[in-house]
Number of protein chains: 2
Amino acid sequence: MSEIRTPHKDAYGLILEAIDVGIYRPGDRLVESELAERFGVSRTPIREALQRLETQTLLIRDGRSLIVGALDHNQLSELYAVRAELEGLAARLAAQHGTPEEVRVLRKMISADRKLIDDPEALSLANRRFHKQIHLASHNRYLVQQLDLVHRTMALLATTSLAVEGRSQGALDEHDAIVTAIENGNGDAAYAALKKHISMAFETRLELDADQPEFSGSL
Amino acid sequence: MSEIRTPHKDAYGLILEAIDVGIYRPGDRLVESELAERFGVSRTPIREALQRLETQTLLIRDGRSLIVGALDHNQLSELYAVRAELEGLAARLAAQHGTPEEVRVLRKMISADRKLIDDPEALSLANRRFHKQIHLASHNRYLVQQLDLVHRTMALLATTSLAVEGRSQGALDEHDAIVTAIENGNGDAAYAALKKHISMAFETRLELDADQPEFSGSL
DNA sequence: CAAGCGTAGGTTGGCGACAACTTAAACGGA
DNA sequence: TCCGTTTAAGTTGTCGCCAACCTACGCTTG
C-alpha cells in the first residue's frame, strides 16, 4: 500500500511494457546501460530480464548485442501454424476437462464482449482474456505456458487484427461457436472451431499487413 | 583450438549436463556459490544460467532459492498431451514441406538404428536425433523451439522409455511408419503415426514408473 | 522440560568496477 | 583521393563486495 508510483514491476515487465508501448521497436538495439538508467536500476537486473526475453526469442542476438525481434511474413506464418494447433488443443482439452464454472465464465464473457463491439481497444483486451480463459480451462500447465509464449511473441506486432473493420462481429460469432462446442463437451468440434477462428484471424492480419505502407523488414 | 578441456560450454549447458548426468536430481536445491565453485566461474554467469533454466521451468522457485523441477504423474500426463500434438504437427509439416534430402536422411536413420537394437544407450541418442530431424524438416522455427522446450523438460526424467524390454523393436517399426507417411507426402497419416508413436511411448513410461519402487514425489 | 525469543550463519539480490572485444572514426601515407 | 592502419570510444562479460532476508540453532525463561 506504500508504493503507488512503482508497483514493483521488475525489469522484465518494464522492458516488455516499453516494447509494447513502442519505445523500442522491432530491430532496435537494446543497450544495457541505457535501460538501466531509464529504469533507475543497475545493469544486473536489466541483464537478467534481457536474458529471459532472449530465451523467449522476443529479443535476438545481433553479434554481441540484443535487438528487438521482428516478425517477417515467414515467421508470422510459422507462428500462426503453431498457434492454431496449440489453441485447438486447448479447446479440445477445455471441452473434455473444463469445469462447469469455467465454461459458464466463457459464456458470460461473450455476452459482455458484445457490448464492447465499438471499442477496439477494450475488445482487444477482452479477446486476450477470453483466450486465456480457454487455456486455463484446459488444465494443462505446459499448454498454458507454451501459449503464453506464443502470445508474447505476437506482442511484437504493433496492431491487433481486431482493428479491421467488421472483424469484431465475426470474431465474436466464432467465439460463440467455440464456447458452444465446449459446452457440449464436443472436443473435436471445439478443436475445429478454434482452429478456424485462428485461421480467420491470420487471414485478417495478412490483409492488414498488405494495406500497411510497409516500413518493416529493415534491419 | 587452444582449450580442449573445456569446449567453452557456458554455465547454462554445464548445469543442464549436471542435471542430465544426475549430479543434481529433481527436488535438489541449487546453491549459486556451490555451482560457481564447481565450474570455476563467478556467481554472475551461474545466476544468468539459473534464470534461463527457471524461465523454462526446469528449475522452480522454492521460497527464495531454486530447486530442480520434478515431474509427477499429472505433469507427465499434461506434458505428453502437448508433446503428442506438437510432434504430430511437426510430422504433418514435414510431410508437406520437407525436402527430399531431409526425408532421405530420416530413412537412412532408421536403417542405421536397426543395428543399434541391442544398445539402449546409443538407441536413446539416435532416437533424439531422429525426432529432432523431423522437427527441423517441418521448417517451422517456433515449432522447433517449443519441441526443444518439451524435450528439455523431459530430461528431468531419469530413464528413457526405450530401456523397457522389447520396446526398441516396436519404436523402430513406428518410426518406419512415420517416415513412410512423410515420404508419401501424406500429412494426415504422418500426424496420426507420430501421435500414435508418442502415445505408445507414454504408455511404456507409465508401465516403467509403475514398476519403479517409487522414491519420487517426496518434498 | 517445553516454548518463545534472539542471534548468528548462510544465501540470494543488487551494485559498481574492470577487462576483453567490437566498432567506428580519424589520421597518415601511397 | 582512396585505402590501410592505428587509436579511441562504447558495450558487453565477468568479478568481488555489500546489504537484505530467511533459516536454524541455541539460549533463556516460564
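Heavy-atom basis, side chains included; hydrogens, waters and symmetry copies ignored. The chains referred to below are lettered A, B, ... by the order of the sequence lines, with proteins before strands, and numbering in each begins at 1.
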Atom-to-atom span, CD1 of A:I46 to P of D:dT12 - whole angstrom
11 Å

Closest approach to the side chain of B:R47, judged atom by atom: which nucleotide of D:dG16, C:dG14, C:dT11 is it?
C:dG14

With no hydrogens and no angle check, is any side-chain donor or acceptor of A:D28 less than 3.5 Å from a backbone partner on A:V68?
no

Could you check which of C:dG13, D:dG13, D:dC15 has an atom nearest any side-chain atom of A:E32?
D:dG13

Side chain to side chain, B:T55 and A:Q51, heavy atoms closer than 4.5 Å:
no

Give the rounded distance in Å between these two atoms: CZ of A:F39 and C1' of C:dG14.
17 Å

So do the side chains of A:L149 and A:Q145 get within less than 4.5 Å of each other, counting heavy atoms only?
no

Write down the distance between CG (A:D10) and P (C:dT12), rounded to a whole number of angstrom.
19 Å

Considering only C:dG16, D:dT12, C:dG13, which nucleotide approaches the side chain of A:T44 most closely?
C:dG16

Quick one: does A:D72's side chain have a donor or acceptor within less than 3.5 Å of a partner on A:Q75's backbone?
yes

Using whole Å, what does the distance between atom P of nucleotide C:dT12 and atom CD of B:E48 come to?
16 Å

Regarding B:E174 and B:R167, does a basic nitrogen lie under 4.0 Å from an acidic carboxylate oxygen?
yes

Rounded to whole angstrom units, what separation is found between the CG atom of B:L66 and the C1' atom of C:dG13?
12 Å

Give a yes/no answer on whether the side chain of A:R61 brings an N or O atom under 4.0 Å of OP1 or OP2 in D:dG13.
yes

Could one point to a donor on the side chain of A:R43 or the base of D:dG13 with an acceptor on the other under 3.5 Å away?
yes

Which comes earlier along DNA chain C counting from the 5' end, the contact point of B:R29 or that of A:P45, where each point is its nearest nucleotide?
B:R29

Nearest of C:dC15, D:dT14, D:dT12 to any side-chain atom of A:R64?
D:dT12

Tell me: CG of A:D62 to P of D:dG10, nearest whole Å?
20 Å

When the distance from CG of A:L50 to C1' of D:dG13 is rounded to whole Å, what number comes out?
13 Å

Check the distance between C:dT11's P and B:L35's CG and give it to me in whole angstrom.
12 Å

